Amino acid sequence: MIQERSFQDYEIWSHDLTKIYEKRNKAFEAVSKINLNIKPGIHGFLGPNGAGKTTTLNMLVGALSITKGEAKIRGKDAGSIEARRLIGYLPQDPILYKRKTAEQYLVYMGRLGGLNKHDAREKAQELLHYFNLLNERNKKLKKFSGGMKQKVALAGAIIHNPKLLILDEPTTNLDPVGRSAIIEKIKKLSKTMSVFISSHILSEIEEICDSITILDQGKIILTDSLANIKKMYIGNVFVLHTNMNSTIIEKLKVKDFILNAWMDDVSGKIHIIAKDSERLQELIKEILLDPKVKIFTFDQPELSLQQIFMRLIS
Ligand SMILES: Nc1ncnc2c1ncn2[C@@H]1O[C@H](COP(=O)(O)OP(=O)(O)O)[C@@H](O)[C@H]1O
Ligand SMILES: [Mg+2]
């Protein structure tokens, strides 16, 4: 018998998780009824600026109250002490104590995370080594570059040995070198803990994610393994060029087997993401029955996941 999975089986689970902000007596729903079923591994949490990523993460880690719905971390209520202990959280703008040295900061974070003095010191040394910061350990954080600060912040987020690492746009403010250093560390860390990482750029985290969830205007528009998404979308993108592009695009847009159809600004051709490519081909044949319509080209191009992502959120 197949047993249904319950919330205990997930790293992160939520049911109708909702956040309403009250702004000058006006209610604004920043996150709307989102359901997460996050399995072990690296999960990408994607969405444009303002989609509700930070709001969601803050509810999951217990930094923000949940308006409606519920969320669990490995079966424990989000926000509870048990759940918090399981999480290492790197916020979007981590607060680093600028006057502390890297080593002092890490020992401090270790103590906050419940380690005794001896263990905190030992773990700080281990992490300084792991992040190649041993030579910098006595330098004050205010003197650190952006990339180095982010390394220290990441080290501080994992010093208490969490089971789940939650990262809010950890690469956004870094230069390319800093970015790849952080991505490489996250990849390594994921061998010993699950990772939930938010970003507004899919191509940046695509290579490390097993699965992704795309959030737009507070709602989930897609959640699946990367392998499935590639299978589903990469092979289902078509480019059509006719003598009546604008008329035809309107016909395509309303079909339920078409996820999106748009005019590409550069080529002036119609791009289509189909849910069912056979039905699309039948429709194209039908369109061709009209003697006024001439099809110049009909191709199946390779689109990157980033290009598809941009189309899904627009
Ligand atoms: N404290 C707040 N009060 C009111 N609105 C907020 C607050 N924080 C965020 N928002 C709004 O909620 C939406 C989602 O924001 P956020 O979660 O920061 O998105 P993201 O992290 O995806 O960029 C945005 O429209 C933002 O302006
Ligand atoms: Mg954010």
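Counting convention: from 1, in listed order, for ligands and their atoms alike. Along the sequence shown, residues are numbered consecutively beginning with 1. The model shown is predicted, which means the values in this text are computed figures rather than measured ones.
Which parts of ligand 1 touch Ala51 is read off a 4.0 Å heavy-atom cut-off, strictly below it: atoms 19 (O), 20 (P), 22 (O). Every atom of ligand 1 with a heavy atom of Pro48 under 4.0 Å away is listed here by number and element: 22 (O). Set against the non-hydrogen atoms of Lys23, the atoms of ligand 1 under 4.0 Å away are 4 (C), 5 (N). Close approach of ligand 1 to Phe28 is summarised as follows: ligand atoms under 4.0 Å from at least one heavy atom of the residue are 11 (C), 12 (O), 13 (C), 25 (O). Against a heavy-atom cut-off of under 4.0 Å, Asn49 is close to the following atoms of ligand 1: 23 (O).
Exactly one residue among Lys72, His15, Glu70 makes a side chain to side chain contact (heavy atoms under 4.5 Å, CB included) with Phe7. That residue is Lys72.
To the nearest 10 degrees, the angle centred on the Mg ion (ligand 2) between OE1 in Gln92 and OG1 in Thr54 reads 80°.
Ion pairing of Asp256 with Arg279 is present here, as a side-chain N (NZ or NE/NH1/NH2) and a carboxylate O approach within less than 4.0 Å. A salt bridge is absent between Lys39 and Glu11; no separation between the charged side-chain nitrogens and carboxylate oxygens falls under 4.0 Å.
With Phe28 as the aromatic partner, Lys23 meets the cation-pi criteria of under 6.0 angstrom to the ring centre and within 45 degrees of the ring axis. Both tests pass for Lys185 against the ring of Tyr130: distance under 6.0 Å to the centre and angle within 45° of the axis.
Atom 19 (O) of ligand 1 has its nearest heavy-atom neighbour, among Gly52, Ala30, Gly218, in Gly52.
Counting only heavy atoms of the protein, atom 18 (O) of ligand 1 lies nearest to Thr54 CB, 3.8 Å. The closest protein non-hydrogen atom to atom 1 (N) of ligand 1 is Tyr21 CE2, 3.6 Å. Remark: minimum distance from atom 24 (C) of ligand 1 to any protein heavy atom is reached at Gly50 O, 3.8 Å.
Not a single heavy atom of Ser198 sits closer than 4.0 Å to an atom of ligand 1. Residue Gly47 places every heavy atom at 4.0 Å or more from ligand 1.
Closest of all the heavy-atom pairs between Leu60 and Ile87 is O-CD1, 3.9 Å. Residues Tyr89 and Leu57 share a closest heavy-atom pair of OH-CB, 4.0 Å.
One hydrophobic cluster, built from ILVMFWY side chains closer than 4.5 Å, cannot hold both Ile12 and Leu90; they sit in different ones.
For atom 9 (C) of ligand 1, a protein heavy-atom neighbour is found at a distance under 4.0 Å.
Between the side chains of Asp168 and Ser198, at least one donor N or O lies within less than 3.5 Å of an accepting N or O.
For Thr55, a nitrogen or oxygen atom sits less than 3.5 Å from a nitrogen or oxygen atom of ligand 1, counting backbone and side chain alike.
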